[in-house]
Amino acid sequence: MRPEHLPTLPRPLHPGAWWVWAVALAAAASRTTNPVPLLLVLAVTGFVVAARRTRAPWARAYVAFLKLSLLVIVVRILFQSLLSAGAQGPTVLVTLPSVPMPASSGLKLGGVVSLEAVLRATYEGLQLATILCCVGAANALGSARRLLRHVPGALYEIGVACVIALTFAPQLVTDAARVREAHRLRGQDRTGLGALRRLAMPVLEGALERSVDLAAAMDARGYGRTTDARRSSRRLTAVLVFAGLLAVCVGVYGLLAAAGWWLGTPVLVAGLVAVGLGVHVGGRRTGRSRYRPDPWALPEWLVAGSGVLAAAAVFVDVHVSPADFFLASVTDVPPVPVLAVAGILVALLPAVAAPPPPAPTGRPPRSRPPVTPAAGAPGREEVAA
Amino acid sequence: MSPALPHRLPGRTGPRLLLVVALVGALLSLAGTAHAATGYRYWNYFHVKNGAYQFATTGPSGYVPKDGSVEAYRYGLSSGTQGLHPRTAASTYTVADICKGTTAGSGQKRVGVLIDYGTKADAASGQTPPAPRAACAVVATSANGQQVLDQVARLRVQKQLICGIDGYPVSGCSVTVKDAPAAPAGKSVDFALPAASGSSGSSSTSGSSAPASGGGGLAWPLVGVAAAVVVLGGGGLLLARRRRDA
């Protein structure tokens, strides 16, 4: 057995596997407003993130997304219970002092707050919150930057551009902080439009300088060369990808607008096939090697598979017994869909099946990039897609 | 990030752009012609006025029924402009019939509610509709139509729409149906009246799909899931703290 098949060998897991796992869980959460499976998905993602996150700066994304989702729930409850007249049910919790509003608006300010409205807002908010946390888990576990290394060859240039943008975005913040600090030391005021102008110019200038530096560095390393630059193949790629994407758009429109059977699925499938062909043809012309490619080994299969299995269990269960997933009344005790719960618990597998992240060795974490423009070019690892 | 310098603009952008615009336009116009009469399978909502059904122009939450009025709901496929009437004449059941033996206190009102779950043909997914029933709601005078209905039935509400009454239909909300057939002239059926003294008739509904929430044994799965959530959450916190200290 090759070493990368062992789940105990410390290495970063393929980010695609994490994204498949998280998106599958989000899809499962999108199928129900029953708080039982939703809370379980939340707990599972939180546990796996706690067990397998790295020390990289983006690994803190989960907590940020968790806070955001709490905010979503609270805002929803406030709006529905305090402002919506229509959402109230018969079980009155409290009656607040109210401000009269025109009856036709359907709005109210204060007044009766009912248990039904609060519960309904909580459950609907919980669904959105769970989906948000799944995205947060994917961000925390699989770096978007590493994922961009796996864009197909035809989209290579776009991938490189995205990687560079992602690398430089934090640097802009650092730059802005540095310039503001300089202004403060000189005793200039730091508010108002004038200050913004004085801030924007040096930041933009620094960014431009750095991108010219980076372009020169990449040029020197051989980026931008095309191995097969025949006009016909390039044109074929462009036509295929563009027509395919257009067909995908029309197909999705056809599916959503229910405008004739022929406009929906067939056009969508044709578009996807065209895009796939275009990406394949375009990928042939770039003969680039990958720098330290992420393997797709047994742990990747296990992680992605556990997520897909959980989603499949929820989808099947929704089909078999839909009453367990849509509460007939918000005040009901939520039922426990056994198959879905078992499936979601399977999604805990990555907490042990994914290899532990490699321990930081020697090199300090790159959370604070150097501020001098000349040293700002990203490391080879980030750009080598 | 940096201002894009147009140093390698392709030469013949004009004709290509025109071609693209023409292509998109042609496809969109094709899509536009393919519309047909669409119907919606949902809970039609009526007020009973002068012995006739009046298709509501607002949702139940936007209307405050008067004391002694009757509201009617019918599940089925309708065009959305006419509505699908309950399978009984509007004058058959009056408040006096529905609310016999029920009295309203001060600051309260009595509103009769007719709920017709429709026929098997109306059902979206092979679910058997319960028998139609009538119920008497005794609510505060200011209560709107949705609160009246909430008093006598279990409501599934999504995005401010009433999607299910007493768990029927189990899932889905306002299904759009292409080329909706005209509603057949249905036979009149009897509505089950509430027991004389009870003010809510929700116990008579066919709750086959609903969980028996009273049984102590049935709560165990819920306790198990709650325990799992607590263990996972606590374990996650513990792991995170240990990693931070390490």
Side-chain angles (χ1 to χ4, degrees), chain A residues 33 36 39-40 42-44 46-51 53 55 84-90 103-104 106 114 116 120 124 164-165 168 172 204 207-208 211-212 242-243 246 250 253-254 257-260 263 318 321-336 338 341 345 348, chain B residues 1-3 20 23-24 27-28 30-35 38 59-62 64 125 139 143-144 146-147 150-151 153-160 163-164 166-168 170-172 176 178 207 209-211 213 219 221-222 224-226 228-233 235-240 243:
Chain A
T33 49
V36 170
L39 279 176
L40 204 59
L42 259 184
V44 164
F47 187 80
V48 172
V49 167
R53 79 186 178 99
R55 289 182 167 277
S84 166
Q88 308 302 328
S104 60
S114 68
E116 282 83 357
R120 206 167 277 145
E124 286 180 359
I164 293 171
F168 275 154
L172 271 183
L204 277 182
L208 197 62
S211 49
V212 170
F242 185 75
L246 196 67
V250 172
Y253 169 79
L263 204 60
V318 166
S321 53
D324 284 350
F325 291 88
F326 303 97
L327 300 186
S329 162
V330 271
T331 48
D332 281 358
V333 177
V336 178
V338 178
V341 164
L345 284 178
L348 266 179
Chain B
M1 198 168 135
S2 64
V20 169
L23 205 65
V24 174
L27 280 169
L28 282 184
L30 270 174
T33 53
H35 277 299
T38 47
S61 61
V64 179
S125 55
V139 288
N144 59 36
Q146 183 175 324
Q147 284 156 344
D150 214 339
Q151 190 73 41
R154 297 155 70 226
L155 291 192
R156 183 165 62 83
V157 179
Q158 279 173 15
K159 301 190 180 89
Q160 314 274 333
C163 301
D166 289 330
Y168 183 85
V170 161
S171 63
T176 307
K178 279 176 293 177
S209 56
S213 48
L222 200 62
V225 172
V229 167
V230 168
V231 166
L232 286 178
L237 274 180
L238 214 71
L239 271 178
R243 290 171 67 86

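Within every chain, numbering begins at 1; the chains are lettered A, B, ... in the order of the sequence lines, protein sequences first and strands thereafter. Only heavy atoms go into these numbers, but all of them, side chains included; no hydrogens, no water, no symmetry mates.
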Practice item. Return the option, out of B/Gly236, B/Cys163, B/Pro60, with the maximum number of heavy-atom pairs under 4.5 Å with chain A. Key: B/Gly236
Point to revise | Which portion of A/Val330 sits near chain B, non-hydrogen atoms under 4.5 angstrom | key: backbone
Study note, to complete from the structure: Residues at least two apart in sequence or cross-chain that pass side-chain contact (heavy atoms from CB on, under 4.5 Å) with B/Val229, listed by chain then number, are A/Leu39, A/Leu40, A/Ala43, B/Val225
Revision key, fill the gap. Bottom line for A/Leu42: the part with an atom under 4.5 Å from chain B's heavy atoms is neither
Check your understanding: Highest number of heavy-atom pairs under 4.5 Å with chain A: which of B/Ala226, B/Gly224, B/Ala228, B/Ser171?
Key -> B/Ser171
**Study point:** Partner of B/Pro221 under side-chain contact (heavy atoms from CB on, under 4.5 Å), chosen from A/Val338, A/Val341, A/Val336
**Key:** A/Val336
Practice item. Please report the closest heavy-atom contact between A/Glu116 and B/Asp150, naming both atoms and the distance. Key: CG-OD2, 4.1 Å
Exercise for review: Applying side-chain contact (heavy atoms from CB on, under 4.5 Å), name anything that partners A/Thr33, two or more places apart in sequence or on another chain.
Suggested key: A/Gln127, A/Phe326
Exercise for review: Output the distance between atom CG (B/Leu155) and atom CZ (A/Arg120), rounded to the nearest 0.5 Å.
Suggested key: 7.0 Å
Point to revise | Step-by-step side chain to side chain contact (heavy atoms under 4.5 Å, CB included) determination, A/Phe47 to B/Val231 | key: CA-CA 10 Å; A/Phe47 187 80; B/Val231 166; over 6 Å; no
Study note, to complete from the structure: Rounded to the nearest 0.5 Å, the CZ atom of B/Arg154 sits from the OG1 atom of A/Thr331 at a distance of 7.5 Å
**Study point:** Toward chain B, the part of A/Val212 with a non-hydrogen atom under 4.5 Å
**Key:** neither
